[in-house]
Amino acid sequence: MSKVLIVGAGGVGGVVTHKCAQHPEVFSEICLASRNQDKCRAIAAQLDRPIQTAQVDADDVEALVALIESFQPDVLIHVALPYQDLTIMEACLRTGVPYLDTANYEHPDEAKFEYKEQWAFQDRFAKAGNMATLGCGFDPGMTNIYCAWGQKNLFDEIHRIDILDANGGDHGYPFATNFNPEINIREITANGRYWEEGEWKETAPLAEKRTFDFDGIGEKDLYLLYHEELESLSQNIKGLKRIRFWMTFSEKYITHLKVLENVGMTSIEPIEFQGRQITPLQFLKAVLPDPASLGPRTKGKTNIGVILDGIKDGKRRKVHIYNICDHEACYREVQSQAISFTTGVPAVTGAMLMLEGLWKGDGVFNVEQLDPDPFMERIGDMGLPWQMVELDPDADPLA
Ligand code: NDP
């Protein structure tokens with residue numbers, strides 16, 4: 001019986017709140033707090049048990065501390081924006097409350113996607129006997145746990161990892177992003193980057209393209225991107241020689257993105273407009289469909305997983321571990337599309353394991369540093385069942 005404080009009432013916050021509410025045996029009291037309390041109230045009204053809501057500016061450490069001291073949670077799930085990671089970690093440290101998030105810290109004015117500033121909390125969390133779990137969504141999150149589970153149970157050494165993120169969903173709009181457009185477009189317009197033999201290699205944005213035949217959704221074009229889990233997995237998977245991340249985009253999506261980029265709409269450099277400073281990407285976010293509104297319109301499935309290639313008992317082995325998630329089924333269950341669902345369900349599962357002491361430790365942890373077994377045992381019942389297919393170790397499915 002524990003109290004959970006959820007910060008952020010967007011697409012993912014809605015799923016996290018629904019899923020916590022479905023498990024009163026663990027989350028006996030819930031408080032959902034966000035910048036705009038009306039959004040919290042709207043989510044609360046969808047539930048069949050009462051929860052508390054609150055207004056908080058998560059950029060303000062003092063305001064967070066005051067909220068935490070008044071609600072006294074046993075765990076905090078941060079699903080606001082990556083800009084708030086450091087302030088929320090600071091507030092958790094000051095109040096002794098365990099912390100969990102789904103995305104690494106981003107500076108509002110720079111697209112960096114790196115863990116450095118969150119890892120810098122390591123000593124303070126360890127000294128305080130407190131725990132911070134980083135990156136417990138789907139990717140990062142579930143994909144890291146697939147890798148950790150493979151390392152523990154399937155391989156002596158994993159040599160190559162390809163993370164494949166496919167969205168076969170259709171929301172009917174000519175262009176919309178499935179999660180926060182600012183974060184999504186920052187990721188996609190940055191240079192591609194992967195890690196090989198201890199070095200980072202860069203590619204031009206969306207320059208590397210492959211096709212892959214996904215179970216449940218068919219053949220899709222994949223593009224190589226940098227994604228934050230590459231940083232921690234390249235350090236935490238022993239014997240690793242290469243790790244890459246691939247995401248599917250349709251021709252239509254790429255064409256829209258190129259036009260927006262060419263006209264300067266994806267820039268994060270402020271410009272002067274009618275006597276005031278605006279950031280083009282933030283303006284673009286304001287005119288694009290709200291990701292939370294895509295739920296009722298999205299049809300189709302996602303397939304996200306990892307191809308692990310390594311050695312077991314002296315022999316090569318290659319497996320694909322993945323989850324297939326259906327947008328419409330997610331909407332029926334929690335009034336949200338699959339991208340928010342696949343992020344929120346691992347976050348709630350991770351928080352449960354922390355509360356139950358199955359994930360424990362003093363310090364700051366990326367999820368692959370924690371025991372993958374209880375997570376893999378539970379995640380199917382929580383709503384994200386996984387499958388594993390043995391692949392021909394000599395064939396390259398991404399050739
Ligand atoms: P949304 O933009 O839909 O929701 C973000 C929420 O945070 C909004 O309710 C917003 O409030 C609130 N918020 C923003 N700033 C503040 C603030 N200063 N104080 C309090 N609340 C604030 O995003 P998503 O739900 O799509 O994403 C949530 C998180 O999940 C992001 O960090 C995202 O990067 C991460 N994510 C991770 C994935 C993974 O697989 N690991 C995949 C997808 C997302 P308002 O409504 O007022 O703007």
Side-chain angles (χ1 to χ4, degrees), residues 2-37 39-54 56 58 64 67-68 71 73-82 84-85 88-89 92 97-103 132-142 145 178-180 183 290-292 294-295 323 325 329-356 359 367 375 378-379 381-384:
S2 305
K3 293 165 99 173
V4 57
L5 174 59
I6 303 160
V7 180
V12 180
V15 174
V16 167
T17 311
H18 272 268
K19 278 287 169 185
C20 287
Q22 286 174 11
H23 292 277
E25 72 289 359
V26 181
F27 304 105
S28 49
E29 278 184 60
I30 300 168
C31 178
L32 172 61
S34 198
R35 185 159 56 184
N36 175 346
Q37 196 173 353
K39 290 204 177 173
C40 305
R41 292 192 185 106
I43 293 169
Q46 298 167 0
L47 308 172
D48 48 21
R49 62 179 267 220
I51 64 161
Q52 295 184 40
T53 63
V56 74
L64 286 163
L67 173 64
I68 293 171
F71 181 63
D74 299 290
V75 68
L76 183 151
I77 303 179
H78 161 32
V79 279
L81 294 178
Q84 284 93 41
D85 289 9
I88 301 180
M89 287 178 84
C92 282
V97 172
Y99 166 94
L100 177 142
D101 70 26
T102 66
T133 301
L134 307 184
C136 197
F138 205 103
D139 44 342
M142 196 68 252
I145 294 165
N178 291 296
F179 68 98
N180 186 283
I183 305 296
D290 177 357
L294 302 178
N323 160 263
C325 193
C330 294
Y331 191 75
R332 279 194 299 276
E333 186 190 330
V334 297
Q335 300 188 33
S336 152
Q337 33 81 359
I339 303 299
S340 304
F341 188 89
T342 54
T343 308
V345 171
V348 174
T349 308
M352 268 181 173
L353 296 182
M354 288 167 77
L355 289 169
E356 292 170 17
W359 273 6
V367 287
F375 199 101
R378 192 167 308 184
I379 193 72
D381 288 342
M382 290 295 290
L384 296 175

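Taking every heavy atom of both residues into account, Val16 and Ala347 meet most closely at CG2-CB, 4.3 Å. The minimum heavy-atom distance between Pro98 and Met354, with the atom names listed, is CB-CE, 3.7 Å. Leu47 and Ile43 get closest at one heavy-atom pair: CG-O, 3.6 Å. Closest non-hydrogen pair, Ile379 versus Pro346, comes out as CD1-CA, 4.1 Å. Closest non-hydrogen pair, Leu134 versus Tyr99, comes out as CD2-CE2, 3.9 Å. Residues Gln22 and Glu25 share a closest heavy-atom pair of O-OE1, 4.3 Å.
The main-chain N or O of Ala80 is found under 3.5 Å from a side-chain atom of His78 such that the two form a donor-acceptor pair. When atom types are taken as modelled, the side chain of Gln337 and the backbone of Asn178 share a donor-acceptor pair closer than 3.5 angstrom.
Distance CG/Leu81 to CD1/Ile88: 9.0 Å, rounded to 0.5 Å. To the nearest 0.5 angstrom, Gln37 atom CD is 4.0 Å from Thr53 atom OG1. Distance CG/Leu5 to CD1/Ile77: 9.0 Å, rounded to 0.5 Å. Considering OG1 of Thr17 and CD1 of Ile51, their distance stands at 5.5 Å, rounded to 0.5 Å. How far OG1 of Thr133 is from CG of Leu353: 9.5 Å, rounded to the nearest 0.5 Å. Rounding to the nearest 0.5 Å gives a distance of 13.5 Å between CG of Asn180 and CD1 of Ile339.
Between Trp359 and Phe375, the ring planes are parallel. Angles under 30° get that label, and only those over 60° would be called perpendicular.
Partners of Gln335 by side chain to side chain donor-acceptor pair (under 3.5 Å), not counting sequence neighbours, listed by chain and number: Gln46. Under the rule for a side chain to side chain donor-acceptor pair (under 3.5 Å), Arg49 has no partner lying at least two apart in sequence or in another chain. Legend: residues meeting ring pair (Phe, Tyr, Trp, His ring centres under 6.0 Å) with Phe138, ordered by chain and number and at least two apart, are absent.
Counting heavy atoms from C-beta outward, Pro140 and Val367 have side chains that stay 4.5 Å or more apart. Within the 4.5 Å cutoff, the side chain of Val97 has no heavy atoms near those of the Asp74 side chain. Using a 4.5 Å heavy-atom cutoff, the side chains of Cys92 and Leu76 are in contact. The shortest distance between side-chain heavy atoms of Val79 and Thr102 falls below 4.5 Å. In this structure the side chain of Arg378 never reaches within 4.5 angstrom of the side chain of Leu384, judged on heavy atoms. Considering only heavy atoms from C-beta on, Ser340 stays 4.5 Å or farther from Phe179 through its side chain. Counting only heavy atoms from C-beta outward, the side chains of Leu355 and Met352 never approach each other to under 4.5 Å.
Contacts classified as salt bridge (Lys or Arg N to Asp or Glu O under 4.0 Å) and involving residues 3-21 (residues at least two apart or in different chains) are given here: Lys19-Glu333. Applying the salt bridge (Lys or Arg N to Asp or Glu O under 4.0 Å) test to every pair with at least one member in residues 341-355, sequence neighbours left out, gives no pairs at all.
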Using distance only, find each side-chain donor-acceptor pair of residues 26-34 under 3.5 Å and give its atom names and separation, not counting sequence neighbours.
{"unit_1": "Ser28", "atom_1": "OG", "unit_2": "Ser2", "atom_2": "N", "d": "3.1"}
{"unit_1": "Ser28", "atom_1": "OG", "unit_2": "Ser2", "atom_2": "O", "d": "3.2"}
{"unit_1": "Ser34", "atom_1": "OG", "unit_2": "Ala9", "atom_2": "N", "d": "3.1"}

